[in-house]
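Here is the structure we will look at.
Source: prediction; values computed, not measured. Note on naming: letters A, B, ... go to the chains in the order of the sequence lines (proteins, then strands), and numbering restarts at 1 for each one.
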Protein chains: 2
Amino acid sequence: MTKQIKLEDVAAKAGVSKATVSRVINRRGYLSQKTIMKVEEAISALNYHPNVIAQQMHTQRTKQIGIIVPTVGTPFFGELAAELERRLFNKGYKVIIGGAENDPVKERKYLQQLLGRQVDGLIIATHNANIAEYQHANLPIVAIDRYLRDDIPVVYSDNYAGAREACQALLDRGATRVAYTDNLNPLNAQDEGRLQAYRAAMRAAGMPELIYPSLPDPEAKRARFAQLFAEHPEVDAVFASNDLDAALLLDLATQRGLRVPEDLQIIGYDGTKTTQTLLPGLATVVQPLAAMAERTVALLEDKINRKPTPAKVVLPVTLKPGRTLRQLA
Amino acid sequence: MTKQIKLEDVAAKAGVSKATVSRVINRRGYLSQKTIMKVEEAISALNYHPNVIAQQMHTQRTKQIGIIVPTVGTPFFGELAAELERRLFNKGYKVIIGGAENDPVKERKYLQQLLGRQVDGLIIATHNANIAEYQHANLPIVAIDRYLRDDIPVVYSDNYAGAREACQALLDRGATRVAYTDNLNPLNAQDEGRLQAYRAAMRAAGMPELIYPSLPDPEAKRARFAQLFAEHPEVDAVFASNDLDAALLLDLATQRGLRVPEDLQIIGYDGTKTTQTLLPGLATVVQPLAAMAERTVALLEDKINRKPTPAKVVLPVTLKPGRTLRQLA
DNA sequence: GGCTCCTTTTGCATCGTGATACAATGGAGC
DNA sequence: GCTCCATTGTATCACGATGCAAAAGGAGCC
């Protein structure tokens, strides 16, 4: 705003050299009590704050970590970002957050800029198109829920087991026709785990597969899900690959006069705090967000410190029953 | 990771001088097509990215904006952060996000570091204790929903009108005892608007005030809200100052066998996309998040460019009726 | 006084980019 | 041989904090 106070100004005010001020700030080397006091008085009198950019220039480190998520405006990624941010802050890092918004152009722009040593490391939690920049990125990276490159570790929860248990929970409670809704982006290897588990469960139960895409546009998605009920009135259970979709299905079902869980059982996926607060009755598969964040940050630190890291970390999920499931027979 | 490629390396590889490489990158001065090609080839061959820190050092700008929120793990602030981030990105800024977590110590730490010109501007959306650092901050700042200092513009939505309409909606539908729950932090001037409107409405209706605090700890809050029903069975309507509390009250009421809205009407506040997806039936007061973000970013840009800014911007809210309200008589 | 030893302070180079001034080269055109 | 202009190179500085080597100050000792 007005004038930028720098080290030199403090030095002049205190009547010492720049080096001495620096040494007072960082408590290094020999210092007389008298100079320490003089300098500290000058610092607070001028309201001096060291220029972080200059420090970064010198250390060649920014102590900043980039996090790329689809958006923080959604419970899963919002809570994930919050968990990551808290842990990174405790380790002295600040977080640059990028909402890729399922827009490969925006994601690419973020990467190109962040690759100029603006961050000491990167956490990628998007489900976008395979972006070339990742392949040549010369930077510590950890991915969440998505494979990027052989030497980039992936942290994810056990999607296959989670989906298997969700399907089993429905079948154990007498479901005869189970539909599945998912964001069927072929580039997300982990979500494939959920799809595969659903298919395997249907095969084992001798039931047909009923798969509906979860479209990005809210209106289109609502219309698509409405079709499900229209086309397949025999469906008496739905496994949604995320809780927001489960809530939408719940609303649609209620509007059509279906009773939940008597006529239709519903189970979601993710189990964030937000969903559990807003819809405490929803059955869901809870992803271990805190643990995922913990491991992600630990892996990133190892990468930064050039320690060896495992190729992947898989964490267990928990099934949370709820009022959208019938009582067990 | 390995070796840091710098301008000089590109120059050597392309067989030209540093100045020429700089000219090519920034398209300045006379340049032959041949050199442009040579240089660009070298750039991509070496996978060169300009060192952002050095650029920042030179321009004395970081093109980074700090956003301090309580947490992005909550629908309101998560969606707000997402709206802000998208607009800032479009203007060439990256976002450093800080979750203050209602912890004044953490908030203060963030400020002290960010004040070292690590960001070109700051957006404050916390409801924490009054932190001294704000008073001397020599940096463009815009606050959301909270007064900080005379020369820091505040953007907020019309809390008084929103609360007034919420209360009126309940009374119009035959409510005879209306309780109010809120995060009663005395430092949040705007929330006071909601409280005042509730009090005025009760006074006008000749009804007693029933005010319950929304505690930070989830378990404690649940217990506190349960008291509301135990202590005041005559309550037939609740106005919650946020949707998460409204959902909690809805759950508690259902568990106690109260029918909503027949026995108990509920209206919340905020009306985020997340709540409207998860609980589409909840009546609420919708805050204009997108407009708030838009105005905030515009004000911050004005501040950065030293243009005059208004002291405050108040935006209108919208009442969204729902199945937690009775039909109008 | 001259010497060593320790404390305290200072000057200077460094990090990578961008800006600026100025020189130098080469080719075209007359 | 001259001018004109496009093109590239060289050189230097600024940005602000840091860390090293060197210098300055003071005490003690012979």
Side-chain angles (χ1 to χ4, degrees), chain A residues 3-40 42-43 46-64 112-120 138, chain B residues 2-40 42-43 46-64 112-120 138-139:
Chain A
K3 198 208 165 199
Q4 309 296 6
I5 306 296
K6 51 182 166 177
L7 199 66
E8 203 175 338
D9 303 320
V10 178
K13 174 110 179 173
V16 296
S17 74
K18 294 193 295 174
T20 302
V21 178
S22 170
R23 288 165 55 248
V24 170
I25 291 173
N26 300 301
R27 287 290 188 281
R28 204 169 1 84
Y30 293 111
L31 286 167
S32 72
Q33 201 56 43
K34 206 177 58 186
T35 25
I36 292 180
M37 274 185 47
K38 270 195 305 184
V39 170
E40 291 193 331
I43 286 177
L46 296 173
N47 188 29
Y48 168 74
H49 293 265
N51 186 316
V52 181
I53 308 171
Q55 289 176 324
Q56 292 174 348
M57 183 83 182
H58 188 258
T59 60
Q60 294 296 355
R61 292 274 200 90
T62 60
K63 294 302 258 175
Q64 294 181 165
Q112 281 178 339
Q113 300 185 306
L114 260 29
L115 286 177
R117 333 235 165 286
Q118 188 160 25
V119 292
D120 293 345
N138 189 17
Chain B
T2 54
K3 197 208 166 199
Q4 309 297 4
I5 306 296
K6 51 181 166 179
L7 199 65
E8 205 175 336
D9 303 318
V10 177
K13 173 107 180 172
V16 297
S17 73
K18 293 195 293 176
T20 303
V21 177
S22 174
R23 284 186 187 119
V24 171
I25 292 174
N26 301 302
R27 288 286 188 283
R28 201 169 7 84
Y30 294 110
L31 286 168
S32 72
Q33 202 55 43
K34 205 178 58 185
T35 27
I36 291 180
M37 274 185 48
K38 269 196 305 182
V39 170
E40 291 192 333
I43 285 177
L46 294 173
N47 189 28
Y48 167 75
H49 294 265
N51 187 317
V52 181
I53 309 170
Q55 288 177 323
Q56 292 175 348
M57 184 83 182
H58 185 258
T59 60
Q60 294 294 87
R61 292 271 202 91
T62 60
K63 294 302 258 179
Q64 294 181 166
Q112 282 178 339
Q113 300 184 304
L114 260 31
L115 286 177
R117 331 236 168 286
Q118 188 160 23
V119 292
D120 294 344
N138 189 17
L139 193 73

Touch check for B:T59, heavy atoms < 4.0 angstrom, all strands: base, sugar-phosphate only, or nothing? nothing
Please determine if a side-chain N or O atom of B:Q56 lies less than 4.0 Å away from the OP1 or OP2 oxygen of D:dC15. no
What nucleic acid atoms does A:L7 come within less than 4.0 Å of, heavy atoms only: base, sugar-phosphate, or nothing? base
Checking A:Q64 side chain against A:Q118 main chain: does a donor-acceptor pair fall under 3.5 Å? yes
Distance, rounded to the nearest Å, where A:K63 contributes NZ and D:dA17 contributes P: 20 Å
Students often get this wrong, so: under 4.0 angstrom with heavy atoms, is B:V16 touching a base, only sugar-phosphate, or nothing? sugar-phosphate
Would you indicate which nucleotide in D:dG19, D:dA17, C:dC15 comes nearest to any side-chain atom of A:Q60? C:dC15
Could you tell me whether the phosphate oxygens of D:dT18, OP1 or OP2, come under 4.0 Å of any side-chain nitrogen or oxygen in A:R23? no
Counting just side-chain N and O atoms, does A:Q4 come under 4.0 Å of either OP1 or OP2 of D:dG16? no
Does the pair B:V52 and A:R117 meet the rule for a side-chain contact (heavy atoms from CB on, under 4.5 Å), with working shown? CA-CA 6 Å; B:V52 181; A:R117 333 235 165 286; over 6 Å; no
Once you round it to whole Å, what is the distance between P of D:dA6 and CD of B:Q33? 16 Å
Whole angstroms only, please: what is the CZ-P distance between B:R27 and C:dG18? 13 Å
B:Q118 atom CD is separated from D:dG16 atom C1', nearest whole Å, by 15 Å
Taking C-beta and beyond as the side chain, do B:Q113 and A:K63 meet within less than 4.5 Å on heavy atoms? no
Just checking, any donor-acceptor pair under 3.5 angstrom between side chains of A:Q4 and B:Q60? no
Does A:S22 make a side-chain N or O approach to OP1 or OP2 of D:dT18 shorter than 4.0 Å? yes
What integer distance in Å separates B:K34:NZ from C:dG26:C1'? 11 Å
B:H49 NE2 to C:dG16 P, in whole Å, measures 16 Å
Give a yes or no answer on whether the side chain of B:T59 reaches the backbone of B:Q55 with a donor-acceptor pair at less than 3.5 Å. yes
Provide, to the nearest angstrom, the distance between the NZ atom belonging to B:K18 and the C1' atom belonging to C:dC15. 12 Å
Does C:dT25 have OP1 or OP2 under 4.0 Å away from a side-chain N or O of B:Y30? no
Verify the contact: side-chain N or O of A:N26 to OP1 or OP2 of D:dT18, cut-off strictly under 4.0 Å; return yes or no. yes
Which is true for A:G116 with a 4.0 Å heavy-atom rule: it touches a base, it touches only sugar-phosphate, or it touches nothing? nothing
B:I53 has an atom CD1; how far is it from atom P of D:dA14, in whole Å? 22 Å
Indicate whether OP1 or OP2 belonging to C:dT9 is found under 4.0 Å from a side-chain N or O atom of A:T35. yes
Students often get this wrong, so: under 4.0 angstrom with heavy atoms, is B:L31 touching a base, only sugar-phosphate, or nothing? sugar-phosphate
Any A:S32 side-chain nitrogen or oxygen under 4.0 Å from OP1 or OP2 of C:dT7: no
Classify A:T20 by what it touches in the nucleic acid, base, sugar-phosphate, or nothing, heavy-atom distance under 4.0 Å. base
